[in-house]
Amino acid sequence: MPGSPITRRRFLGSTGAALLLMISPTGQAAQTSMLAVRVWPARDYTRVTLESRSPVNFTHQTVRNPERLVVDLEGVELNDILQSLPSKISGQDPYIQLIRAGRNRPGVVRLVIELKAEVTPQVFTLAPVGEYGHRLVLDLYPVEPVDPLLALLEKISPEEAAAGGVSPPQRSDEAPRRAAAETPRKPEAPRQARLDERPTEPNPGRSSDDERVSRLITIAIDPGHGGEDPGAVGAAGSFEKHVTLSVGRRLKAKIDAQPNMRAMLTRDADYFVPLQQRVAKARRVQADLFVSIHADAFISPTARGSSVFVLSDKGASSTAARWLAQKENAADLIGGVNLGVKDDHLARTLLDLSQTASINDSLKVGKAVLGELGTINKLHKGQVEQASFAVLKAPDIPSILVETAFISNPEEEARLNDEAYQDHMAEAIMRGLKRYFAKNPPMAKSKLARLD
């Protein structure tokens, strides 16, 4: 209706809050109004997103002593949204001390981001997609990127590292090393629960495939979506990204409790990780297995059940599989990737056609996990499905994608938000992984992971 205000409601990130902005069609046409600001702090990097009705012209520069990032926005109205920026920064943000916004000169709003340390900023724009309008993205990366391999090795004791053929990372600070050495080790697991020991007496019923695991098994757990990309949204407002992170954390804890297994998370908080970086993190630690966790939706709210997918280099095994793969592969458009950054490593990965052995192994582990999921939930399909998920395209790592349940189904959405059910789901996946590795022990490596 002419002259009536238009109300815009936007999701505002980790606080889960929303801002309401009343925009009048009769307002200043020469200026662009910001619709929302979102801040996603994480150890890997911090992202600041500014969403507007129309594209924003901007310039940016870094200033030293003290470290600051200065961004000038041309033709932008200094409204309540921009003035709320200081309240978006928490003391736990690893990179940002403070953000402030003010008029620098007529027609120009200046953002000053006071930094806790020197960063490498990536500033880029994103075209409207889904529920999002035009976005200006400020990604603040540490000068020394967080190394997932180093983070994994720091959690492994010298004895475990030696068993796995890994040299602990060399550090210049001796005190933390001494403290780590003096930390009491967790109690020994019951003998019957260990996968890496042979029985003391012959067991005629034991399969010839049950080989002794003589090194640490590394599993990469990939909680789907995150940050700008909420994933599927249930009828009650549940976000897939929250469910997957909770299940992923529980699965990691269960894996780390095993005497011969360790896990790493591709994201350990609510922030966005591009698909290729998820694969790259797994390859960086030379993971023996990649497990992507999802809780997706379908066009029909009656769709239900758990599923396991592996990569297909041909067509999808069902219409639902094809639809889900297309939806998941669009995550980078929603989450926002700087397309100006070239990734030659990803190109080599995606172009590598020698994935037959990896797919065969993926089918084996997928079958083991699917069998365990069937003990706690109805299965959407009775067999492992195949589709062309981009996140499964590591040619040298067996990879599976677990659809825990359909968040678009009201009944399953309620179960996915239940902590006990999340724990049952993580336990079922864990049992499937143990079944697979008991019959298919990983081949010995000169090192569990490389530092180069």
Side-chain angles (χ1 to χ4, degrees), residues 5-15 17-41 45-61 69-85 87-89 96 99-113 121-141 225-231 233 239 241 270-275 327 329-341:
I6 301 173
T7 302
R8 296 291 299 274
R9 187 176 182 91
R10 293 293 180 184
F11 173 66
L12 293 183
S14 58
T15 63
L19 287 180
L20 293 177
L21 173 62
M22 305 298 291
I23 304 171
S24 172
T26 60
Q28 299 181 15
Q31 290 188 318
T32 296
S33 293
M34 286 295 168
L35 303 176
V37 293
R38 294 178 287 274
V39 180
W40 307 96
Y45 73 108
T46 289
R47 167 168 290 192
V48 179
T49 304
L50 308 172
E51 186 177 355
S52 60
R53 288 187 297 173
S54 56
V56 174
N57 293 323
F58 68 93
T59 59
H60 72 280
Q61 60 179 325
L69 175 65
V70 178
V71 182
D72 286 340
L73 310 174
E74 300 180 9
V76 171
E77 174 190 356
L78 182 60
N79 58 12
D80 292 342
I81 302 293
L82 287 175
Q83 291 177 340
S84 72
L85 269 170
S87 66
K88 305 298 178 186
I89 307 303
I96 299 179
I99 297 181
R100 61 181 187 272
R103 289 188 178 87
N104 175 255
R105 56 186 184 275
V108 176
V109 172
R110 170 165 288 185
L111 305 183
V112 178
I113 304 178
Q122 290 186 14
V123 183
F124 57 97
T125 59
L126 296 170
V129 60
E131 295 294 322
Y132 296 107
H134 293 272
R135 286 174 288 171
L136 173 62
V137 180
L138 317 174
D139 283 348
L140 309 178
Y141 289 91
H225 307 281
E228 285 283 276
D229 175 19
V233 181
F239 291 134
K241 65 175 183 176
D270 184 15
Y271 61 97
F272 174 72
V273 182
L275 297 177
K327 188 171 180 295
N329 292 347
D332 281 356
L333 297 177
I334 299 171
V337 174
N338 185 0
L339 298 179
V341 177

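All heavy atoms count here, side chains included; hydrogens, waters and symmetry mates do not. Quick note: residue numbers are just sequence positions, from 1.
- Between Leu111 and Val48 there is no side-chain heavy-atom pair separated by less than 4.5 Å.
- The nearest pair of heavy atoms linking Arg135 to Ala127 is NH2-O, 4.4 Å.
- Distance check, rounded to the nearest 0.5 Å: CD of Glu74 to CG of Asn57 gives 5.5 Å.
- Electrostatic pairing of Lys241 and Asp270 counts as a salt bridge here, judged by a charged N lying under 4.0 Å from a carboxylate O.
- Arg110 contributes atom CZ, which lies 13.5 Å from atom CG of Leu78 (distance to the nearest 0.5 angstrom).
- Met34 places a side-chain heavy atom less than 4.5 Å from the side chain of Val56.
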Can you list the steps and then say if Arg47 with Leu138 is a side chain to side chain contact (heavy atoms under 4.5 Å, CB included)? CA-CA 6 Å; Arg47 167 168 290 192; Leu138 317 174; over 6 Å; no
Checking Ile113 against Val70 for the side chain to side chain contact (heavy atoms under 4.5 Å, CB included) test, could you report, in this order, the C-alpha distance in whole Å, the side-chain angles of both residues, the deciding distance, and whether it holds? CA-CA 6 Å; Ile113 304 178; Val70 178; over 6 Å; no
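- A heavy-atom distance below 4.5 Å is found between the side chains of Thr125 and Phe58.
- In this structure, Tyr271 and Tyr45 have perpendicular ring planes: the angle between them is above 60°, well past the 30° mark.
- Within the 4.5 Å cutoff, no side-chain heavy atoms of Val108 are placed close to those of Leu73.
- Using modelled atom types, one side-chain atom of Glu51 and one backbone atom of Gly133 make a donor-acceptor pair closer than 3.5 Å.
- Between atom OG1 of residue Thr49 and atom CG of residue Leu136 there is a gap of 8.5 Å, rounded to the nearest 0.5 Å.
- Proximity of Leu35 to Ser52: side-chain heavy atoms (C-beta onward) are nowhere separated by under 4.5 Å.
- Between Leu69 and His60, the closest heavy-atom pair is CD1-CD2, 4.1 Å.
- Put simply, the side chain of Trp40 does not reach to within 4.5 Å of the side chain of Thr46, judged on heavy atoms.
- Across all their heavy atoms, Thr32 and Pro55 have their closest contact at OG1-O, 4.3 Å.
- Across all their heavy atoms, Val39 and Lys88 have their closest contact at CG2-CB, 3.6 Å.
- The side-chain heavy atoms of Ile81 and Gln83, taken from C-beta on, include no pair separated by under 4.5 Å.
- Closest approach of Val109 to Ala101, counting heavy atoms only: CG1-CB, 4.5 Å.
- Using a 4.5 Å heavy-atom cutoff, the side chains of Glu228 and Leu126 are not in contact.
- With rounding to the nearest 0.5 angstrom, the CG atom of Leu85 is 9.0 Å from the CD1 atom of Ile96.
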